[in-house]
Structures are given as structure tokens and as C-alpha cells.
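To keep things clear, I will list the structure first and then write my remarks on it.
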Amino acid sequence: MSQEEIKNESKKPTNFIREIIDEDLKSGKHKTVHTRFPPEPNGYLHIGHAKSICLNFGLAIDYNGKCNLRFDDTNPTKEEQEYVDSIKEDVRWLGFNWEDREYYASDYFEQLYEYALKLIKKGKAYIDSLTAEQIRETRGTPTEAGKESPFRDRSVEENLDLFERMKNGEFKEGELVLRAKIDMASPNLNMRDPVMYRILHKAHHRTGNKWCIYPMYDWAHGQSDSIERITHSLCTLEFENHRPLYDWFVQELEIYPPRQIEFARLNLSYTIMSKRKLLSLVEGKYVDGWDDPRMPTISGLRRRGFTPESIRNFSERVGMAKRENTIDVSLLEFSVREDLNLKAKRVMAVLNPLKIVITNYPDDQTEDLEAVNNPEDASMGTRLVPFSKELFIDKDDFKEVPPPKFHRLSPGKEVRLRYAYIIRCDEVVKNEKSGEVIELHCTYFPDTKSGTGTSSKKAKGTIHWVSAKHAFDAEVRLYDRLFSVADPEGEEGKDFTEFLNPNSLEIQRHCKLEPSLKTAKPIEKFQFERTGYFCVDTKYSKESSPVFNRIVTLRDSWSKIEQASK
RNA sequence: UGUCCCGUGGUGUAACUGGUUAACACGUCUGACUCUGGAUCAGAAGAGUCUAGGUUCGAGUCCUAGCGGGACAGCCA
């Protein structure tokens, strides 16, 4: 999909960020919009990042501006190339194009060093010999001022000398640090002489061993924005208190001033968004890796079967504001259903097979019945589905003792087989010992064949089926919410893993699928009629042996009726 | 108990920048239609905008005070 198509795919509601941009454009402060998506390559991206990606790239597209992809790689102890690669894949998959603007904060290490020299010369930065612990102790608390470091008034010459030797590797980690000289009594903790550089004798994934001093986030981010001439630097709420520092650096350096604007991060019910906790799910083997289909990671959603369009629409729908929020997962689910309803080919698949025999159907006969591929889109055509004497239907579609309003099969009752005939259940065959229903004997009404109009017979319900001898067995994985409570992090004193949903994955190994599915390829998506949307798994599928992931169920008003009657 | 930010139906976001009976989406509930209990269509319920004062002809929007929630004391981002 092109960027132009993304621009037109949905009406974008206004929000406070767009209003700021509109004003800036109107007042002439800016002629174009230039944003950036600045992930740290220390983990996989999740749906919360998708909100930010859609915001930044979406704004650039809508305003005919540009959006850079910038890796905030200032901490070599946590960052790896593997993450850079996965992030690029995810952004690209979401449909966005950064063209040749792939940048790294590490590209600016030299420039940042020059900037630091400038501040030292202005007397606005100094080398501190305090230990990390001493710095913490003298920082004060939110309610009490901090104390100035005894090294705060080193001469410019000494600072310059120390800083150069620091860069040259003459000191051990933690021995020295470069600090901005601002105000140890500031009510904003970020302004109490924040650290700009620390010593880290670590190889960096891009600059190797060239540097052993690395800039802190606050010292790198705004300057990187400025270098790239970012007009609007969008970040989440927790950086609000950093904005004065962001502005201070830009002002002292007398460089191009981008404007930082903060918005509320995305929270989703029934899941967690913290990178650290997501990592612990992976490491604790609670899930099958970062791309487990239950994970809120972009790679997980992709493997589950979500489409980029659905995630973009979702991101648009959650809105943009500054107040904390928790989006209901049902909105995400709605977004995929909406998209897949239009695109997914309909097929028949029986998850819990129950055999039925059509006693009055010829033994060796097979009929190829025409089935519609998508009632929403005639251009998707039709296909032929084989019908024969022995079929499978879903166990849920038969009840020996039907509850009220049950429109499916039960003894003596009639039901339509989708695209085929109306049948009546005559006999229930049970396992003598267990009493379990193992087979149904039915008769069919030959003149009720779909599409012929030769009978006025009506059936209350329509159920799906597959022909026993034509169907093939496949594994289907049914996913449910990862957590059984809406807010797994909300319980004081309890670990979020206590709320993991024990039924978040149900593997059904002997599902019966219609033959056309045999050749389904990874990532292909289908609607199993009356059941839900499914996607061929990329990890467990084999040639001619696809494994399916349930993306989401269909809306199911029967289950509501059923629940209500309990 | 310092600074900053935020309080609008169950959830989320809007409200022409001070102007009618607070809108939209998801969710919920009816009903219609249907060879998917899907989709679609029609409709309903649900907030008087955290509280109390004030300014004003008029306040969700402005002011004051309170209450509630969040962020900040990494040489993480």
C-alpha cells in the first residue's frame, strides 16, 4: 500500500497535536512538518509503539511532510542489531516508508561531543568526580533542594582537559561524568545538574570501540531532533518533566529548536505493555517468544493474523490526548473483523468433529457444490466444495436436549447444511460405555439443494460441515486473552503473572478442514464460516500441512443468549 | 508534602475556541433481513462534563479554592 493510500484510508479526527501543527503552519512558524519515530533498539515493538508510529508517520503523510526513523542508540549495554532489524521490519510492515532517512543517535556522537565542548566553554557544564551514589545522595528529593557538587566550579581549562582524557579512555567507568551546570535547587529534578555523559567501556553495535563516553538520553535526544530539523518532537507523557531540560540545552547551544509535545501512551485491557514485563513472559517461557500470537507485540499481532490496515485504523480510533487511558481490547478486535470481513475468503472448517451419516444418500456419490468465497465481494468468486454421504459437523451444532432458542441440530429436528441440503436428525449413536454421542444418522431432502429453489422448505438454522472423505486433518490454535483480568498490573502486591489466563491457548489437533485449505500458505487469512478469522501460522505450518491461528472469533450472539439463560 | 500534567456516558475521543436539547466510535440492548446466530439496516438505553464558589445574557470551555489520578529523586530511554 502506498503512503498516498494510507492518507486516504480513514478520516482523521482532529486532536491537540494537529491543532498545534495547524497553528504553526498558519502563523508561518513552519512551512512543513517533520517528525520522527525514535525507538531504542533494546527490544521488540508493541501495539503502543504502533500508536506512536502511526502518529508520527501519519502526520507526515497527511501534511505532506517527512518522518525519520531514528534509533536512539545511546546505551550500548542494552542495544543490539537484532532489535534494529526487527524494528525496521515492523515499521515497514505497518506500511510506512522512511525512504533514505534512517538515522541513529550514534551518527551524532561527534557532533554531540562538539556541543558538549561548547557548553563547557560557556561554563555551563562541568566534570564531576562524585560517585554515582554521591550524586544520588546530593540530588535532594522532590521536596528538598539538592546540594552542589564540590567539583562544580572546576575551571573551564580543567574541565576541557578532563573531558578529553575521559573521551580518550583514561578513566574507569563511573569515575567521572559530565554534568550540565543548571540549578541544584530546581523544583524539577531533571534540572539539578543532569548527567550528560557517562563512561562505558563497551562496544557499541554501530560505533564499535570508537567511543567510551556515551551521551545520556536528555543530552542526545533534543540535539538529534535539532540536527534533523524535526519540527514537532512527539513523545509520551513521562517526558513532560524533561521538556524544560530539552529546551535548556537547545537554547544554550543556540541551535534549531524543535518543539517537544507529549501525549498519553496506549494501554490495552487484558494485556500488559511494559517491555520489561513482556521480556519476563518470554524468558519465563510463559509464551512462545516475542512473536507469540498472544503477545501485544507487533510481531505477535502479525503472526496472529492482524493486518497492518486494522492496526492503523485502530491507532486512529484510539484518539490522541494527554489523559491516561485504557483502551478496551474489543476495539482492537473490532478493527480486524472490520478489515477481514471485506477481505477474507470464507471456507468451512470443523473444529470439533462429530460424524454424521446421510442414510438416504448414495454410498459412492460425490457432488461438487458451489460456495461463495465472500458475500461482501462478488469479485472473489466461488469455489466447489465436495459433498458426500459421510460428513463432519461441529459438536457445538448438535444438542441431544436442545436449550431454548437453539436453532441447530437435535433429534428429530432439521437444519440446513450450508451451500447444500436440509437434513433431519433421525438417530443418535452413542458409545455404549461412556454415553458419548459418536455419530448421527440423518436423512437429507434432495429438493432442498441450495440455489435451486425447488423446495419451499425452510430451516431455522444453517450449519457448516465438511465431507469426511475429502476433508483433511489440521491443527488449529485457539487464542484467547493473555490475562483473565482487565488490568493485570493493577493489583497491589500481586505479580501480574498470577493473572495469566490458563486458557489463552487451546490447541485442537484433529480439526477437519475443507480440501481447498490444504495448500494455504503462511500469513494467508480466512474466515472459517460461523467460527472466526484464522491465519496460517508462520512458525508451525509445513508444506501441505498448515497450522491455523485463530485471530478473533466472529461476533457471537448465540453465546450471549446462552450465557444469559444460565 | 515540591514542580509539572490530567479529570466529559462502561471504554476512548470530540464539541466551530464562551453560544441551542454535549457529538462520534467501540461496547451494551431491541427489532428487521439473511442459506454464516456473521455482515448489513433501523432504533434504544446510557454523561449534564470531579466538587464548590465566581465572572458572564450565556461556562465542558475563563478565574479561585478544594478533591482525585499520574509523572519525576538511573551514570536507563
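Proteins get letters first, then strands, A, B, ... in listed order; numbering begins at 1 in each.
Residue whose closest nucleotide on RNA chain B sits further toward the 5' end, between A:E40 and A:L342: A:L342.
Using a 4.0 Å heavy-atom criterion, one finds that A:Y197 contacts no nucleic acid atom at all. Base engagement by A:F406 is indicated by at least one non-hydrogen atom pair under 4.0 Å involving a base atom. When heavy atoms are screened at a 4.0 angstrom cut-off, A:G532 is found touching no nucleic acid atom at all.
A donor and an acceptor atom sit less than 3.5 Å apart, one in the side chain of A:N241 and one in the base of B:rA71. You won't find any donor-acceptor pair under 3.5 Å spanning the side chain of A:E562 and the base of B:rG37, going by distance alone.
A side-chain donor from one of A:R36 and A:S233 sits under 3.5 Å from a side-chain acceptor of the other.
The side chain of A:N15 lies closest to B:rA14 when the candidates are B:rU36, B:rA73, B:rA14. Of the candidate nucleotides B:rC26, B:rC76, B:rA73, B:rC26 has the atom lying nearest to any side-chain atom of A:F334. Of the candidates B:rC29, B:rC26, B:rG12, the closest approach to any side-chain atom of A:S330 belongs to B:rC26. Checking B:rU13, B:rG37, B:rC75 against every side-chain atom of A:D556, the shortest atom distance belongs to B:rG37. Checking B:rA25, B:rC75, B:rA73 against every side-chain atom of A:R317, the shortest atom distance belongs to B:rA25. Of all nucleotides listed (B:rA39, B:rG37, B:rC75), B:rC75 comes nearest to the side chain of A:I135. Of the candidate nucleotides B:rA73, B:rC75, B:rC72, B:rA73 has the atom nearest to the side chain of A:T141. Looking at the side chain of A:N341, the nearest of the listed nucleotides B:rG38, B:rG12, B:rA15 is B:rG38.
A:F16 places its CZ atom 17 Å from the P atom of B:rC16, with the value rounded to the nearest Å. Atom OH in A:Y246 sits about 16 Å away from atom P in B:rA77, given to the nearest Å. Separating the OH atom of A:Y270 from the P atom of B:rG27 is a distance of 14 Å, rounded to the nearest angstrom. Rounded to an integer number of Å, the gap from A:K202 NZ to B:rC76 P is 10 Å. A:D193 has its CG atom 14 Å from the C1' atom of B:rC75, to the nearest Å.
Counting only distance, with no hydrogens or angles, the side chain of A:E80 and the backbone of A:H205 share no donor-acceptor pair below 3.5 Å. When atom types are taken as modelled, the side chain of A:R346 and the backbone of A:A344 share a donor-acceptor pair closer than 3.5 angstrom.
Taking the C1' atom of each, B:rG7 and B:rG48 are spaced 16 Å apart, rounded to whole Å. Comparing the same atom, C1', in B:rG46 and in B:rC26 gives a spacing of 14 Å after rounding to whole Å.
Look at B:rG74: its glycosidic torsion is within 90° of 0, and that puts it in the syn range. Glycosidic conformation at B:rU30 (O4'-C1'-N9-C4 for purines, O4'-C1'-N1-C2 for pyrimidines): anti, more than 90° from 0. A syn orientation is assigned to B:rG48, its glycosidic angle lying within 90° of 0.
For A:Y217 and A:H221, the ring centers are positioned less than 6.0 Å apart.
Under the 4.0 Å criterion applied to side-chain N and carboxylate O atoms, A:D394 and A:R408 are not assigned as salt-bridge partners.
B:rC24 is paired with B:rG12 under the Watson-Crick or G-U wobble criterion, all donor-acceptor distances under 3.5 Å. Of all nucleotides present, only B:rG7 satisfies the Watson-Crick or G-U wobble test against B:rC67, with each distance under 3.5 Å.
Look at A:H407 and the base of B:rG37; the rings stack, centres closer than 5.5 Å and planes less than 30° apart.
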